[in-house]
Undergrad: 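Before we start, here is the structure in question, set down as structure tokens.
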Amino acid sequence: MTSTAGATGWLRGKVKAVPSGDSLVIMGSSKAEIPPEKTITLSSLIAPKLARKSGVDEPFAWESREYLRKLCIGKDVTFRVDYALPSREFGSVFLGDKNVSLMVVADGWAKVREQSQQKGDASPFLAELLRLEEQAKQQGLGRWSKAPGASEAAIRNLPPSAIGDDSNFDAMGLLNSNRGIPMQAIVEHVRDGSSLRVYLLPEFQFVQVLVAGIQAPSMGRRAAPETFVRTEMSSDDLNGESSAESHAPLTSAQRLAGSSTEVSPDSFGREAKHFTEIRVLNREVRIVLEGVDKFSNLIGSVYYPDGESAKDLALELIENVDMDHSDLLKALCPYLLISSVGLAKYVEWSANNLEEDAKRRLKSAELEAKKTRLRLWTNYVPPATNSKAIHDQNFTGKVVEVVSGDCIIVADDSVPYGSPLAERRVNLSSIRCPKMGNPRRDEKPAAYAREAKELLRTRLIGRQVNVSMEYSRKVGIPDGPSAADSRVMDFGSVFLASPVKVEGDDVSTPSLPTGGSQQAGANVAELLVARGYANVIRHRDFEERSNYYDALLSAESRAVAGKKGIHSSKDSPVMHVADLTTASAKKTKDFLPYLQRKRMPAVVEYVLSGHRFKLLIPKETCSIAFSLSGVRCPGRNEPFSDEAIALMRRKIMQRDVEIEVETVDRTGTFLGSLWESRTNMAVTLLEAGLAKLQTSFGTDRIQDAHLLAQAEQSAKRQKLKIWENFVEGEEVPNGSTAERKHKEELKVTVTDVLGGGKFYVQIVGDKKVASIQQQLASLSLKEAPIIGAFNPKKGDIVLAQFSEDNSWNRAMIVNAPRGVVESPMDKFEVFYVDYGNQEVVTYSQLRPIDPSMASAPGLAQLCSLAYMKVPSLEEDYGQEAAERLSDHTLRGKNELKAIIEDKDTSGGKVKGQGTGTILMVTLIDTNTNSNINAALLKEGLARLEKRKKWERPEKQTVLDELETYQTEARKDRLGMWEYGDIQSDEEDNAPPLRKAVGKK
């Protein structure tokens, strides 16, 4: 072979395609994205002709083309043009130092056209070609084979083409027989970046394949037979010196012929087509058929080999997104790659034929292209998002609470015990569990909400976990005073610290988020999704998401296929739980016989204070408020209160415990003992110095009383917590008046007195009061609304004109006429939410209110005189009591001090005015420093509640003081004591009468 070293007029390039056994498409090494290219026919050679689509080859045509294709495709070559005809160029091509024409002829795959070298239209190597041809004939090589029947066997039997309007090709049949099976193929033509025409081997079925999941820009429609007209290449072009546009404009004749049908290529259409061509055109590929469209085009995944091994090229995309661009081109399959470099778009209709993993990879590839604004996405503007990445905030801790199926609270091991930052709320990334509802709003848990929460409780409570925080997001508060109110939620992935896989969890165990060789346990979010207790959130493109998003989607696919949990067609299990914490005291007492004097299992739902909890009793399907009898922890805002709560949260929060109920107090709280793992929790509190033993009523009712006494003595000796200043012999009596200084106090003004010792107040200095008053003062209200345009209903918040001073105030409709309003004089009963009073007004005295004002909560707080029974307005001395309370509170609009003794959440406000907490208070007139509660007792207009002393030992001193005033009024026959002792209220404490069972 002749060396090309030092030759002149030679060009360099890379073989892009091999159309036949004697022609090559060579592209230059220009820096242009689409380099110029030439089609070179090997000088003086004639190869057998291939049939197109269908028909009959010349003998050995396919073998001839395959020889040249395998020899040259994708290889760097050196060549020059020897001569040209109007439509073709003929040249010599060298692969290294070997003449390709000589190699083809020597192996018998082309014959030599005898031409005169004198005319300049023959190969300069003609003589050598003729010699090699004669040698091949003698040896019977290639097309010169002398074997009997060789020529007939070398003709392909092509089935009818699957491309064309008259095709009877059974695309669905081919799909059904080969779905999911890798099929060998050779790409004959690239129609556009995502549409290929291929021969399926070994039958040579010629089909069009649309690459599944993507759509490249269209190449338009041209009138000319070829898709585009190639430009001529100069030596500068081929040697990489030119970056000019590689496509010549159409000729005038071409434009004229195709003027009615020509459609220009879409932006980046040529680039996408070229991108795919240089990777798969005339290459051997594997095609996995996935579907068929309505035009009988096959839809499939396309793969090409990477060296000697077959790789999961989709996985390569995920693992090599940060690679150098040139390395990326080598590693990825074409359809994933053009998506990742911005030359195709993800299309759902096509991607639906793929497995979920493949769909996710395509989406990820497109997302990367969008993020870097490549090609098609140059002008892409991401949608607005309020998420913020908080990567690398990883920590280890113990789970202390499961708030819901997708939210937990973890005690951070790196934060000192008792610190306010010790517990961190973690929302599980990228999943959403059914909502737990809200009992106070009468919202029941959604299907599988309890199961999701219970799964986390049994798996996580008290266990060590590894947390990888991933992003935070600002969310609105539906019940906030204004639409602008929001809070920030932190999201992360949580893993059990133990790598041991629990049977039935069906989840992966990935490496820890922080890296390294240590392995994490189960991904908690994946566990929920796999059980069908959560959905995976479909994030928008630029939203932050779980680092394990693919695993979550895979788990969801398995749950859907298995029809688990929320994906099941069956109704979810229903558990009816009676929540006695929101019921009346009478209803809770009805349950006492079923709970009393027997040890039973329970689950701690909440730690309300150091010694008071909300418990679920599974056996009786009820939730109760439960307090440790004989033990009292510091109250709210008192020293060591938070530490007592933190200790109980870590010890028993959402744990399985055992309880023994002794009785129930007047607020509906059950009293008794509680054990966790055979440990009496009252002993734990006393040993830690976070509680005091209350024995004013005796110790005969208390379980393990001797252990409690020993625990308290131990804490005293060590001067722990509340005993840090303890001196033997100087112990302060339980329930002393010294404790009253720790009670919450409010400055208030009374706005309305209802009777029965109840009244409404506004808190002095509350900024909300000033804000609402300012907004109301700025209103300009004139004519009444047109009848029909404004039709307020029961429960609506409106503006109402108060009859006494004609001022406009916020009000809730308590009663309204049935049907539509017919007259301006129609009557409406309203409740003024900021003052507590109630009256009837006409339609003309109502106006609609701005939603921002309506959403703010009412400013009137319902209160009741603590420890006392005041006759209602319908009872004897009820009117006198109400008037006297009005004299003390409303006359002169005095500021009063309200000492909150207790809170009653079981009762409701009167006359349909809504429900809410009632503050049980002691009222003090700040001008005279007189106790208004005591004043009513002194005048015989109220009496003390009769309660068993052991129920309220901490308030015994206060009660004794009030009892002296009541004794004086009874002695002097004042007020209700005018005729001596009145009916006692012992019946309040008597066991409820059971209904007889039998005949009516």
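Starting from 1, each residue takes its place in the sequence as its number. Small disclaimer: the values here were computed from a predicted structure and weren't measured.
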Undergrad: Hey, are the side chains of Phe802 and Asn837 touching, using non-hydrogen atoms and a 4.5 Å cut-off?
TA: yes
Undergrad: If you take the centroid of each ring, where Trp contributes its six-membered ring, are Phe491 and Tyr471 closer together than 6.0 Å?
TA: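 Ring-ring flag for Tyr471/Phe491: true, centres closer than 6.0 Å.
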Undergrad: Is there a donor-acceptor contact under 3.5 Å from the side chain of Asn933 to the main chain of Leu962?
TA: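 No, Asn933 side chain to Leu962 backbone: no donor-acceptor pair under 3.5 Å.
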Undergrad: Does the side-chain contact (heavy atoms from CB on, under 4.5 Å) test come out yes or no for Gln838 and Val814, once each step is laid out?
TA: CA-CA 9 Å; Gln838 194 162 321; Val814 175; 4.0 Å; yes
Undergrad: Are the side chain of Asn427 and the backbone N or O of Met489 linked by a donor-acceptor pair below 3.5 Å?
TA: no
Undergrad: Do Ser807 and Gln801 have a side chain donor and acceptor closer than 3.5 Å?
TA: no
Undergrad: Report yes if some heavy atom in the side chain of Asn535 is under 4.5 Å from a heavy atom in the side chain of Ile566; otherwise report no.
TA: yes
Undergrad: Step by step, work out the salt bridge (charged side-chain N to carboxylate O under 4.0 Å, His left out) result for Lys587 and Asp590.
TA: CA-CA 5 Å; Lys587 185 174 181 179; Asp590 291 344; over 6 Å; no
Undergrad: Find out whether Lys768 and Leu859 are in side-chain contact, i.e. whether some heavy atom of one side chain is under 4.5 Å from a heavy atom of the other.
TA: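 In short, these two side chains touch, coming nearer than 4.5 Å.
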Undergrad: Got more than 12 heavy atoms from elsewhere within 6.0 Å of CG, Asn927?
TA: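 More than 12 heavy atoms, drawn from other residues, nucleotides or ligands, come within 6.0 Å of this atom.
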Undergrad: Please walk me through it: do Leu944 and Lys869 pass side-chain contact (heavy atoms from CB on, under 4.5 Å)?
TA: CA-CA 6 Å; Leu944 285 176; Lys869 273 199 159 187; over 6 Å; no
Undergrad: Lys453 versus Gln654: any side-chain heavy-atom pair under 4.5 Å?
TA: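 Yes - at least one pair of side-chain heavy atoms lies under 4.5 Å apart.
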Undergrad: Okay, side chain of Gln762, backbone of Asp834: is any donor-acceptor separation there less than 3.5 Å?
TA: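 Here the side-chain-to-backbone pair exists.
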Undergrad: Might you point out which heavy atoms bring Ala942 and Val870 nearest each other, and give the distance in Å?
TA: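 Scanning both residues completely, I find the closest heavy atoms to be CB-CG2, 3.8 Å.
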Undergrad: Tell me if the NZ atom of Lys570 is crowded by more than 12 foreign heavy atoms within 6.0 Å.
TA: no
Undergrad: State, to 0.1 Å, how close Pro817 and Asp826 come at their nearest heavy-atom pair, and which atoms those are.
TA: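 Pro817 and Asp826 have their closest heavy atoms at CG-CB, 4.1 Å.
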Undergrad: Working note: Leu528 + Asp406, criterion side-chain contact (heavy atoms from CB on, under 4.5 Å); need CA distance, chi angles, decisive distance, verdict.
TA: CA-CA 9 Å; Leu528 284 162; Asp406 49 22; 5.6 Å; no
Undergrad: Students often mix this up, so state it plainly: with edges at 30° and 60°, are the rings of Phe828 and Tyr843 parallel, tilted or perpendicular?
TA: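 Taking Tyr843 first and then Phe828, their aromatic rings sit tilted (interplane angle of 30° to 60°).
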Undergrad: Going through the distances and angles, do Lys897 and Asp925 end up as a salt bridge (charged side-chain N to carboxylate O under 4.0 Å, His left out)?
TA: CA-CA 7 Å; Lys897 179 168 67 175; Asp925 188 330; over 6 Å; no
Undergrad: Ring centres of Tyr835 and Tyr760 under 6.0 Å apart?
TA: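 No, the ring of Tyr835 stays outside the 6.0 Å limit from the ring of Tyr760, centre to centre.
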Undergrad: Do Leu919 and Gln861 have side chains that get closer than 4.5 Å, going by heavy atoms?
TA: yes
Undergrad: How far apart are the closest heavy atoms of Asp490 and Ser472, and which atoms are they?
TA: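 Shortest heavy-atom separation between Asp490 and Ser472 comes out as OD1-CB, 3.3 Å.
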Undergrad: Using only heavy-atom distances, determine whether the side chains of Glu401 and Tyr606 contain a donor-acceptor pair under 3.5 Å.
TA: no
Undergrad: From Leu776 CG over to Ile849 CD1, what is the distance, rounded to the nearest 0.5 angstrom?
TA: 7.0 Å
Undergrad: Do you know which two heavy atoms are closest between Ser623 and Leu616, and how far apart they sit?
TA: OG-CD1, 3.7 Å
Undergrad: Under the 3.5 angstrom rule, does the side chain of Tyr877 hit a backbone N or O of Gly975 as a donor-acceptor pair?
TA: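 At least one qualifying donor-acceptor pair exists.
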Undergrad: Should Lys938 and Glu968 count as an ion pair when the cut-off is N to O under 4.0 Å?
TA: no
Undergrad: Any heavy-atom pair between the side chains of Cys622 and Phe591 that's under 4.5 Å?
TA: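 Yes, side chains in contact.
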Undergrad: Does Arg847 reach the main-chain N or O of Ser844 with its side chain, forming a donor-acceptor pair under 3.5 Å?
TA: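 Pair found, side chain donor or acceptor close to backbone of Ser844.
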Undergrad: Which heavy atom of Ala800 sits nearest a heavy atom of Val830, and at what distance?
TA: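 Heavy atoms of Ala800 and Val830 come nearest at CB-CG2, 4.3 Å.
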Undergrad: Looking at Glu895, is its backbone amide N or carbonyl O close enough to the side chain of Thr926 to form a donor-acceptor pair, meaning the two atoms are under 3.5 Å apart?
TA: yes
Undergrad: Can you name the closest pair of heavy atoms from Pro434 and Ala446 and give their distance?
TA: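 Nearest heavy atoms, Pro434 then Ala446: CB-CB, 3.8 Å.
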Undergrad: Taking Asp665 for its side chain and Gly668 for its backbone only, find out whether a donor-acceptor pair lies under 3.5 Å.
TA: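 Yes, the answer is positive, given that a donor and an acceptor are paired below the 3.5 Å cut-off.
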Undergrad: Looking only at side chains, do Ser886 and Glu883 share a donor and an acceptor under 3.5 Å apart?
TA: no
